[in-house]
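Presented below is the structure to which this report refers.
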Amino acid sequence: MDIFKALREDHDKQRDLLNKLVSTSRDTKNRKQVFENLKTELKAHADAEKRCFYKPLIDSDKTQEKARHGIAEHLEIDELIEELEQTDFISPGWLKIAKNLKDRVEHHLDEEEHEVFQVAGKVLSTSQKESLSKAYQDHMNNK
């Protein structure tokens with residue numbers, strides 16, 4: 001498996017969790033559980049992605065700007081997660097922030113899959129794509 005397939009599989013998990021999150025009602029137990037699962041997944045993915053995908057891309061002039069942009073988007077996502085943590089689960093504003101988080105994450109995933117992967121595919125060798133995938137999966141399995 002190459003790094004792109006590994007990332008896409010986790011992106012699909014994130015999309016599923018985001019859809020579940022914004023469809024929760026004020027049932028705080030269910031909402032809290034879905035939120036905690038999503039938060040864990042996003043944090044592990046961002047850490048692994050920075051180390052195993054963006055770090056090698058920063059070294060290339062062709063992908064440096066895209067990698068830095070992706071890392072900056074991770075910070076924006078972190079800020080929205082923090083905002084959700086500080087908002088009462090039953091607050092009407094909570095769902096608004098959750099929907100904003102969903103939009104930001106989906107924008108990031110789409111941009112990565114449709115722009116960054118194409119450029120990265122030209123910069124990374126086949127063996128790099130496979131070794132980065134293994135490193136990424138190892139990191140995710142130890143989250």
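Since the structure is predicted, the reported quantities are computational estimates derived from the model, not experimental observations.
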With sequence neighbours left out, the residues meeting side chain to side chain contact (heavy atoms under 4.5 Å, CB included) with E79 are none
Donor-acceptor pair, side chain of S131 and main chain of S127, under 3.5 angstrom | yes
Pick out which of I3, D2, L7 makes a side-chain contact (heavy atoms from CB on, under 4.5 Å) with L132.
-> I3
Which word best sums up how the rings of H107 and H69 line up, parallel for under 30°, tilted for 30 to 60°, or perpendicular for over 60°?
-> perpendicular
Here the pair of heavy atoms bringing M140 nearest to A48 is SD-CB, 3.9 Å
Note: R15-D110 ion pair, threshold 4.0 Å (strictly below) = yes
Sub-6.0 Å ring centroid separation between Y136 and F4 = no
H45 and E41: side chain donor to acceptor below 3.5 Å = no
Under the side chain to side chain contact (heavy atoms under 4.5 Å, CB included) rule, collect the residues that match up with D16, sequence neighbours excluded.
-> K20
Cut-off 3.5 Å, no hydrogens considered: what does the side-chain donor-acceptor table look like for residues 97-105, sequence neighbours left out?
{"from": "K102", "atom 1": "NZ", "to": "N19", "atom 2": "OD1", "distance (Å)": "3.3"}
{"from": "K102", "atom 1": "NZ", "to": "E106", "atom 2": "OE1", "distance (Å)": "3.3"}
{"from": "K102", "atom 1": "NZ", "to": "E106", "atom 2": "OE2", "distance (Å)": "3.0"}
{"from": "R104", "atom 1": "NE", "to": "E76", "atom 2": "OE1", "distance (Å)": "3.2"}
{"from": "R104", "atom 1": "NH2", "to": "E76", "atom 2": "OE1", "distance (Å)": "2.6"}

Between the side chains of Q137 and N141, does any donor sit under 3.5 Å from an acceptor?
-> no
Are side-chain N/O atoms of E112 and Y54 paired as donor and acceptor at under 3.5 Å?
-> yes
Polar contact flag, side-chain donor to acceptor under 3.5 angstrom, E49-H74 = yes
Side-chain heavy atoms under 4.5 angstrom apart, residues restricted to Ile, Leu, Val, Met, Phe, Trp, Tyr: same cluster for V116 and I71?
-> yes
Taking T63 for the side chain and A120 for the main chain, is one N or O donor matched with an acceptor at less than 3.5 Å?
-> no
More than 12 non-hydrogen atoms from neighbouring residues, nucleotides or ligands closer than 6.0 Å to NZ on K43, yes or no?
-> no
For the residue pair K5 and M1, what are the closest heavy atoms and their distance?
-> CB-CG, 3.7 Å
